[in-house]
Amino acid sequence: MLLFENDNVTVTLASGVATVTIDRPPVNALNRELLGALDAAVAAAVRSPDSHSILLTGTGRRFVAGADITMLAQLDGRSAAEFGKIIQGTFNRIEAASKPTVAVINGDALGGGLELALACDIRFAVADARLGLPEIRLGLVPGAGGTQRLTEALGKPRALEMLLTGTPLRASQALDLGLVNGVFDRADLGREAFEWARSLTAGPPLAYAAAKACVRTNLTAGRDRGFLEEVKSLENLVDTADGREGVAAFLQKRAPHFRGC
Ligand SMILES: CCCCCCCCCCCCC/C=C/C(=O)SCCNC(=O)CCNC(=O)[C@H](O)C(C)(C)COP(=O)(O)OP(=O)(O)OC[C@H]1O[C@@H](n2cnc3c(N)ncnc32)[C@H](O)[C@@H]1OP(=O)(O)O
């Protein structure tokens with residue numbers, strides 16, 4: 001089932017999994033139009049009552065090779081800052097999506113491509129993918145959240161090593177460092193990622209959103225506010241039908257049937 005389609009982005013829905021596919025040959029480089037379409041595509045996936053998890057991937061043998069350098073060359077300071085705010089906004093909305101998001105890294109994820117993957121909750125990569133922030137080699141810095149999210153993911157020394165050298169990680173290195181959750185051969189990546197995402201579709205949508213909000217609160221407002229968010233989430237969830245259903249199903253030794261309310 002098609003949820004969204006434009007020149008460069010489509011969203012299909014199958015078995016409760018929405019798949020957002022970026023298609024802008026030759027390397028899926030990001031420009032304003034593509035970011036606008038990506039925003040609308042992810043919003044359509046989040047809005048659909050039939051999607052319970054969201055995959056983001058690219059066509060061809062590259063995930064996303066970054067912002068479109070040809071477009072960047074036309075920018076001055078003010079328009080660069082404006083583009084930075086646009087791309088940060090899109091990626092922040094992806095990070096804040098109420099449903100679990102999975103980056104299916106089908107090839108190089110460089111610059112804005114890795115920053116897009118970093119905005120997703122889970123990352124699976126193909127074995128020959130490279131993941132890096134090469135902006136320093138352009139005399140720039142990542143402008144789509146990469147300095148923040150890479151440091152959160154790897155810690156300051158490893159993040160600065162990548163940021164200051166611009167040297168990408170191989171997928172196996174990214175796995176060892178915990179930057180990705182799994183690495184697969186190209187023939188298996190799509191199926192493995194889809195099956196993982198599908199395994200979540202019978203789960204409790206409200207609790208998924210709450211768990212993500214707790215983690216994000218720690219990252220944005222600190223640990224103490226994260227503790228408070230946990231308590232608030234429990235208070236909200238216990239009074240929902242799903243909160244009752246999960247406990248009742250356990251006591252009745254049956255599978256729960258969560259309905260997202
Ligand atoms: C005047 C200065 C103004 C600066 C303004 C800055 C504004 C900043 C605002 C905020 C930015 C947001 C944050 C994001 C920033 C970025 O993402 S910067 C870009 C980071 N990415 C890269 O540096 C990757 C560059 N590409 C490569 O390293 C390689 O191309 C590759 C992806 C590893 C593939 O290599 P290879 O297989 O050898 O193929 P190539 O021949 O190199 O490339 C194939 C064609 O694709 C074109 N291309 C590649 N990457 C890009 C890209 N990012 N943008 C546009 N086009 C790209 C490449 O030119 C080739 O095209 P053709 O020659 O026409 O075939």
Side-chain angles (χ1 to χ4, degrees), residues 6-9 20-42 56-96 101 103-120 123 125-154 158-174 179-180 183 186 189:
N6 100 326
D7 292 347
N8 299 128
V9 186
V20 178
T21 304
I22 295 172
D23 180 21
R24 186 173 182 258
V27 294
N28 298 328
L30 303 169
N31 60 11
R32 286 185 182 83
E33 294 73 20
L34 177 43
L35 288 168
L38 186 58
D39 240 326
V42 171
L56 283 95
T57 193
T59 55
R61 301 181 72 84
R62 295 203 181 93
F63 178 64
V64 170
D68 186 324
I69 297 174
T70 309
M71 177 273 298
L72 296 186
Q74 311 303 317
L75 303 180
D76 60 14
R78 191 180 55 76
S79 52
E82 177 217 317
F83 182 75
K85 286 179 188 150
I86 291 170
I87 197 169
Q88 284 186 1
T90 299
F91 291 4
N92 289 346
R93 283 184 286 277
I94 290 171
E95 182 179 60
T101 54
V104 186
I105 304 172
N106 59 297
D108 290 342
L110 300 170
L114 178 54
E115 293 176 291
L116 171 57
L118 285 167
C120 295
R123 290 176 282 278
V126 68
D128 63 358
R130 290 169 295 185
L131 296 84
L133 296 176
E135 287 86 338
I136 207 85
R137 296 177 175 173
L138 302 173
L140 304 172
V141 295
T147 62
Q148 308 304 301
R149 295 191 175 102
L150 189 68
T151 305
E152 288 162 357
L154 297 184
R158 286 284 188 190
L160 275 172
E161 181 181 357
M162 287 183 68
L163 288 162
L164 297 178
T165 64
T167 303
L169 297 174
R170 292 190 308 278
S172 58
Q173 293 172 302
L179 188 59
V180 300
V183 174
R186 186 167 294 279
L189 175 68

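In listed order, ligands and their atoms are each counted from 1.
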Please list every donor-acceptor pair under 3.5 Å in which a side-chain atom of residues 58-70 meets a protein atom from a residue at least two apart or in another chain.
from	atom 1	to	atom 2	distance (Å)
T59	OG1	I22	O	3.4
T59	OG1	D23	OD1	2.9
D68	OD1	T70	N	2.8
D68	OD1	T70	OG1	3.4
D68	OD1	M71	N	3.2
D68	OD2	R24	NH1	2.9
D68	OD2	R24	NH2	2.9

Distances under 3.5 Å, N/O of ligand 1 against N/O of the protein: list each pair and its distance.
from	atom 1	to	atom 2	distance (Å)
ligand 1	17 (O)	A67	N	2.7
ligand 1	17 (O)	G112	N	2.8
ligand 1	21 (N)	A65	O	2.9
ligand 1	37 (O)	R62	NH2	2.6
ligand 1	53 (N)	A65	O	3.2
ligand 1	53 (N)	A67	O	3.0
ligand 1	54 (N)	A67	O	3.4
ligand 1	54 (N)	I69	N	2.9

Notebook entry, point to check: Who pairs with D76 by side-chain hydrogen bond (donor to acceptor under 3.5 Å, both in side chains), at least two apart in sequence or on another chain?
Noted result: S79
Next item on the list: For the pair E161 and R158, find out whether any cationic side-chain nitrogen is under 4.0 Å from an anionic carboxylate oxygen.
Entry: yes
Notebook entry, point to check: Among pairs that include at least one residue of residues 133-154, which meet salt bridge (charged side-chain N to carboxylate O under 4.0 Å, His left out), considering only residues two or more places apart or in two chains?
Noted result: E95-R149
Note to self: Once rounded to the nearest 0.5 Å, what's the spacing between atom CD1 of I87 and atom CD of E115?
What the structure shows: 6.5 Å
Note to self: Quick check for you: to the nearest 0.5 Å, what is the distance between R130 atom CZ and I105 atom CD1?
What the structure shows: 13.5 Å
